[in-house]
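What follows is a set of notes on a single structure, which appears directly below.
If you're wondering where the values come from, they're calculated on a predicted model, not measured in any experiment.
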Amino acid sequence: MGRPFGIPVYVSPTWLIVAAFITYSFQQTVSVWLPTLSVPMTYVVAFAFAVLLYVSVFLHELAHCVVARMYGLPVRRITLYLLGGVSEIEREPETPGREFMVAFAGPLLSLGLAAAGTFAHSLMGFDTTTVLGVLTMLLGWSNLMVGVFNLLPGLPLDGGRMLRAGVWKATRSPMSGTIAAAWGGRVLAVGMVAMVVGVALVSGQAPSPNMLIWSLLLAAFIWMGASQSLRGARMRARIPQVNARALARRAIPVTGDVPLAEALRRASEAQAGAMVVVDHEGRPTGIVNEVAVEATPENRRPWVTAGSLARNLEPSLVLAADLSGEALIDAMREAPAGEYLLVERGGEIFGVLATSDVNRVFSGV
């Protein structure tokens with residue numbers, strides 16, 4: 001939809017579902033406040049509110065991204081979808097203070113929009129008999145709810161990230177912060193549904209269908225987000241274990257015209273787990289793809305050359321053998337591939353790093 005500050009913005013088709021739901025839900029409210037409007041126009045006003053609400057959500061996410069950019073964190077994109085928006089910030093802040101500021105930027109902007117909407121409504125004398133008056137009032141209240149809701153102390157909400165930053169600061173352990181904030185999110189999810197049902201039971205009435213649907217949707221979103229945060233934290237804890245040298249496979253050089261069967265025989269003899277295609281001067285030009293080798297039937301291997309199953313060796317597929325941790329993951333993310341050539345500082349071939357071996361570190365296999 002655009003690239004503000006160079007950040008791509010996408011809108012998921014699921015937004016249409018929630019826009020239709022908001023339009024339907026608020027149409028009757030609009031018709032009560034604006035009885036002179038025709039029924040079609042009340043739907044138009046309700047839809048306008050749905051659009052303004054998602055513009056507010058977009059600005060909320062943009063605030064996160066702008067602050068993240070200020071700290072040098074790469075931002076992939078912003079996506080607006082069924083339950084709001086998500087900022088895809090590719091790297092964690094390096095300090096709890098920065099984590100707190102990136103998280104707080106969104107709710108702060110939402111509360112600012114709430115204040116602006118309320119101020120604009122006050123300039124109209126808090127009038128709810130005009131379309132503009134109703135929209136500014138709804139804009140103020142909706143942003144207040146978005147800001148306050150996101151300050152609740154549980155992941156994946158912004159308040160959860162702020163709690164994570166606080167626990168991280170106190171314990172000096174980002175993992176401890178994530179565990180505390182994720183469990184806070186799970187408690188919030190259960191409490192949200194329990195509160196709606198509990199209020200209905202106390203009042204002796206059935207819970208409102210709209211309130212029940214929203215609470216279930218939001219509770220599911222929070223529970224899944226909290227669980228995902230826990231899984232992500234466990235994976236991040238394994239990042240220091242990712243070491244290119246330790247995971248490298250021994251590689252043998254073969255020219256591109258060598259039959260695959262012969263290349264495999266040489267690799268087996270040398271106890272090598274990878275094959276690098278070289279030219280006649282010994283310079284590497286490609287890496288034989290393991291998946292392609294496994295997909296080639298044994299009876300065809302004497303007639304297929306190793307070069308025909310190799311991926312051309314682009315500069316981005318050549319990595320320093322000394323890479324490890326976050327630096328190695330970043331290098332692999334920039335150029336996704338099945339295999340990478342590892343070289344020493346002097347350019348000598350050290351071995352081949354297979355993405356499947358890296359994945360096994362994270363899966364715990």
Under a 3.5 Å cutoff, is there a donor and acceptor pairing between the side chains of [X] and [Y]?
X      : Y      : value
Arg164 : Thr178 : yes
Gln228 : Arg231 : yes
Asp257 : Thr305 : no
Asp127 : His121 : no

For a 4.5 angstrom cut-off between non-hydrogen side-chain atoms, does [X] reach [Y]?
X      : Y      : value
Leu111 : Leu151 : yes
Met1   : Leu80  : no
Thr285 : Val278 : no
Glu339 : Leu353 : no
Val86  : Ile78  : no
Phe221 : Pro156 : yes
Phe100 : Lys169 : no
Thr255 : His280 : yes

Is [Y] reachable from [X] through a run of hydrophobic residues whose side-chain heavy atoms are each under 4.5 Å from the next?
X      : Y      : value
Leu157 : Leu217 : yes
Met70  : Leu73  : no
Leu138 : Val32  : no
Val293 : Ile287 : no
Val146 : Ile222 : yes

Greater than 12 external heavy atoms within 6.0 Å of [X]'s [atom1]:
X      : atom1 : answer
Asn312 : CG    : no
Gln271 : CD    : no
Gln28  : CD    : no
Glu298 : CD    : no
Met195 : CE    : no

Quick test of your reading of the model: are [X] and [Y] salt-bridged, counting only N-O distances below 4.0 Å?
X      : Y      : result
Arg161 : Glu99  : yes
Arg266 : Glu269 : no
Glu290 : Arg249 : yes

Heavy-atom pair of closest approach, residues [X] and [Y]:
X      : Y      : answer
Ala68  : Val75  : CB-CG2, 4.2 Å
Val288 : Ala306 : CG2-O, 3.8 Å
Gly85  : Val57  : N-CG1, 3.6 Å
Trp33  : Met137 : CH2-CE, 3.1 Å
Ser110 : Asn143 : O-CB, 3.3 Å
His64  : Ser87  : CB-OG, 4.0 Å

Is there a donor-acceptor pair closer than 3.5 Å between any side-chain N or O of [X] and the backbone N or O of [Y]?
X      : Y      : value
Ser122 : Phe119 : yes
Thr296 : Ala292 : yes
Ser268 : Arg265 : no
Arg91  : Glu326 : no

So is [X] actually on top of [Y]'s ring, under 6.0 Å and inside 45° of the axis?
X      : Y      : value
Arg77  : Tyr10  : yes
Arg245 : Phe350 : yes
Arg186 : Trp183 : yes

Rounded to the nearest 0.5 Å, how far apart are [atom1] of [X] and [atom2] of [Y]?
X      : Y      : atom1 : atom2 : result
Thr171 : Ile179 : OG1   : CD1   : 9.5 Å
Met145 : Asn150 : CE    : CG    : 12.0 Å
Leu317 : Met332 : CG    : CE    : 10.5 Å
Tyr71  : Ile89  : OH    : CD1   : 11.5 Å
Arg250 : Met275 : CZ    : CE    : 14.0 Å
Asp322 : Asn243 : CG    : CG    : 8.5 Å

- Qualifying residue for ring-ring contact (aromatic ring centres under 6.0 Å, His included) with Phe26, from Phe21, Phe49, Tyr43: Phe49
- Message: Before you tell me yes or no, could you show the steps for Thr355 and Tyr340 under side-chain contact (heavy atoms from CB on, under 4.5 Å), namely the whole-Å CA-CA distance, both residues' side-chain angles and the distance that decides it to 0.1 Å?
- Response: CA-CA 8 Å; Thr355 301; Tyr340 300 85; 3.5 Å; yes
- side-chain contact (heavy atoms from CB on, under 4.5 Å) between Trp141 and Thr118: does it pass, once the steps are laid out? CA-CA 8 Å; Trp141 277 105; Thr118 304; over 6 Å; no
- Query: Do the two ring centres, one from Trp15 and one from Tyr54, sit under 6.0 Å apart?
  - Reply: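 Yes - the distance between ring centres of Trp15 and Tyr54 falls below the 6.0 Å cut-off.
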- Working for side-chain contact (heavy atoms from CB on, under 4.5 Å), residues Thr136 and Met124: CA-CA 9 Å; Thr136 52; Met124 302 173 194; 3.8 Å; yes
- Task: Would you check, one step at a time, whether the test side-chain contact (heavy atoms from CB on, under 4.5 Å) holds for Thr95 with Trp168?
- Result: CA-CA 9 Å; Thr95 66; Trp168 177 3; 5.5 Å; no
- Per the side-chain contact (heavy atoms from CB on, under 4.5 Å) rule, which among Val358, Val352, Leu342 passes with Leu247? Val358
